[in-house]
Amino acid sequence: MAGFFDKLKQGVSETGKQAKVAVETNRLKMQISMKQKEIESKYTAIGQLVYKAYRNDDFSSINSELENIYHEIMACETDIEAINNKILEVKNTKECVCGNMVPAETRFCPQCGYHFKLDDSVSAEPIMDQVDDNQRVCSCGNVMASNAKFCTACGKKF
């Protein structure tokens, strides 16, 4: 009976962690949305400047204004990139060169086999007692999804 309550407690704890991650991710996505709207308003300002310059046949007067708006857009894009990196950190994931999202401790991408350079202090310890039908175990002992093409720990191709 104690095993049941331990599993229940573990499940509740995991659900709480997932909820925290979801709330933080949504908050960060809202910040990205606000930055994208700010960029769109900058694009509108550029259009208005160009229209007025075209109508007055005088483009020389808008160069400094366009440059300022350009720098503001670049700052917003930099902020968006930083927020996206924060989302990856919150989710404890990273993006492979192939575009696949993998857990942060992954050494090899399960889709393309890309080798991530990690600190020696990071180790991916297999959890052998939690293997189910949707997973496979590599000869190195690592547990991963059954559709993985490469081992996430040693890079062995399946």
Side-chain angles (χ1 to χ4, degrees), residues 11-127 130 134-136 138 140 142-158:
V12 169
S13 175
E14 183 63 29
T15 302
K17 288 177 189 175
Q18 290 174 353
K20 268 187 181 178
V21 167
V23 167
E24 182 66 10
T25 300
N26 286 336
R27 186 184 69 77
L28 293 168
K29 285 181 179 180
M30 182 63 81
Q31 289 179 4
I32 289 173
S33 178
M34 291 168 53
K35 291 290 181 183
Q36 288 171 333
K37 287 179 183 178
E38 189 176 336
I39 289 172
E40 288 175 21
S41 72
K42 304 291 182 198
Y43 287 155
T44 300
I46 289 171
Q48 290 171 344
L49 283 172
V50 171
Y51 173 75
K52 288 177 185 175
Y54 188 76
R55 190 177 67 192
N56 296 331
D57 198 26
D58 180 19
F59 287 91
S60 62
S61 63
I62 66 168
N63 285 339
S64 65
E65 291 179 77
L66 286 175
E67 188 172 341
N68 289 339
I69 294 172
Y70 164 78
H71 289 294
E72 291 170 359
I73 290 172
M74 292 300 293
C76 286
E77 289 175 345
T78 300
D79 291 346
I80 289 172
E81 185 177 337
I83 294 168
N84 277 324
N85 288 337
K86 181 68 176 167
I87 289 172
L88 292 176
E89 185 181 311
V90 167
K91 289 182 170 183
N92 196 29
T93 59
K94 61 187 171 187
E95 185 174 5
C96 180
V97 295
C98 71
N100 188 35
M101 300 305 288
V102 297
E105 67 276 359
T106 300
R107 292 184 183 261
F108 293 88
C109 176
Q111 294 303 310
C112 71
Y114 176 78
H115 181 219
F116 294 99
K117 306 296 182 216
L118 299 175
D119 295 346
D120 291 334
S121 62
V122 177
S123 65
E125 292 296 322
I127 306 171
Q130 295 181 0
N134 296 325
Q135 296 174 316
R136 68 167 34 150
C138 179
C140 73
N142 186 44
V143 179
M144 71 212 99
S146 62
N147 62 350
K149 297 175 186 171
F150 295 86
C151 175
T152 57
C154 72
K156 176 184 175 184
K157 185 174 182 177
F158 293 103

- Task: Show the numbers, then the answer: is there a salt bridge (charged side-chain N to carboxylate O under 4.0 Å, His left out) between K86 and E89?
- Result: CA-CA 5 Å; K86 181 68 176 167; E89 185 181 311; 3.5 Å; yes
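With a 4.5 Å cut-off on side-chain heavy atoms, M30 and N26 do not count as touching. Counting heavy atoms from C-beta on, the side chains of V90 and K20 never come closer than 4.5 Å. Using a 4.5 Å cut-off on side-chain heavy atoms (C-beta onward), Y43 and I73 make contact. P110 is listed as a side-chain neighbour of V102, based on a closest heavy-atom distance under 4.5 Å. The shortest distance between side-chain heavy atoms of E105 and N92 falls below 4.5 Å. Side-chain atoms of M144 and R136, non-hydrogen and from C-beta on, do get closer than 4.5 Å to each other. Annotation: side chain of E81 is not in contact with side chain of E77 (no heavy-atom distance under 4.5 Å). Taking the side chain as every heavy atom from C-beta outward, R107 and F116 never approach each other to under 4.5 Å.
Considering all non-hydrogen atoms of both residues, C96 and Y114 come closest at SG-CB, 3.6 Å. The minimum heavy-atom distance linking N142 with A153 is given by the pair ND2-N, 3.4 Å. Taking each heavy atom of K149 and Q111 in turn, the nearest pair found is CD-O, 3.5 Å. Scanning all heavy atoms of the two residues, the minimum distance from S61 to D58 falls at OG-O, 3.5 Å.
With I83 as reference, Q31 is the one residue of R27, M34, Q31 to meet the side chain to side chain contact (heavy atoms under 4.5 Å, CB included) rule. Between L28 and the options V23, I87, N85, N84, a side chain to side chain contact (heavy atoms under 4.5 Å, CB included) holds for only I87.
Note that the CE atom of M101 and the SG atom of C98 stand 10.5 Å from one another [nearest 0.5 Å]. Here the OG-CD distance, from S41 to Q36, works out to 12.5 Å after rounding to the nearest 0.5 Å. Rounded to the nearest 0.5 Å, atoms CD (Q48) and CD1 (I62) are 12.0 Å apart. Residue K35 holds its NZ atom at 4.0 Å from CG of D79, rounded to the nearest 0.5 Å.
Proximity of a side-chain donor or acceptor of K94 to a complementary backbone N or O of A104 within less than 3.5 Å is detected. Proximity of a side-chain donor or acceptor of S33 to a complementary backbone N or O of K29 within less than 3.5 Å is not detected.
Under a cut-off of 6.0 angstrom, the local environment of CZ in F59 is crowded, with over 12 non-hydrogen atoms contributed by other residues, nucleotides or ligands.
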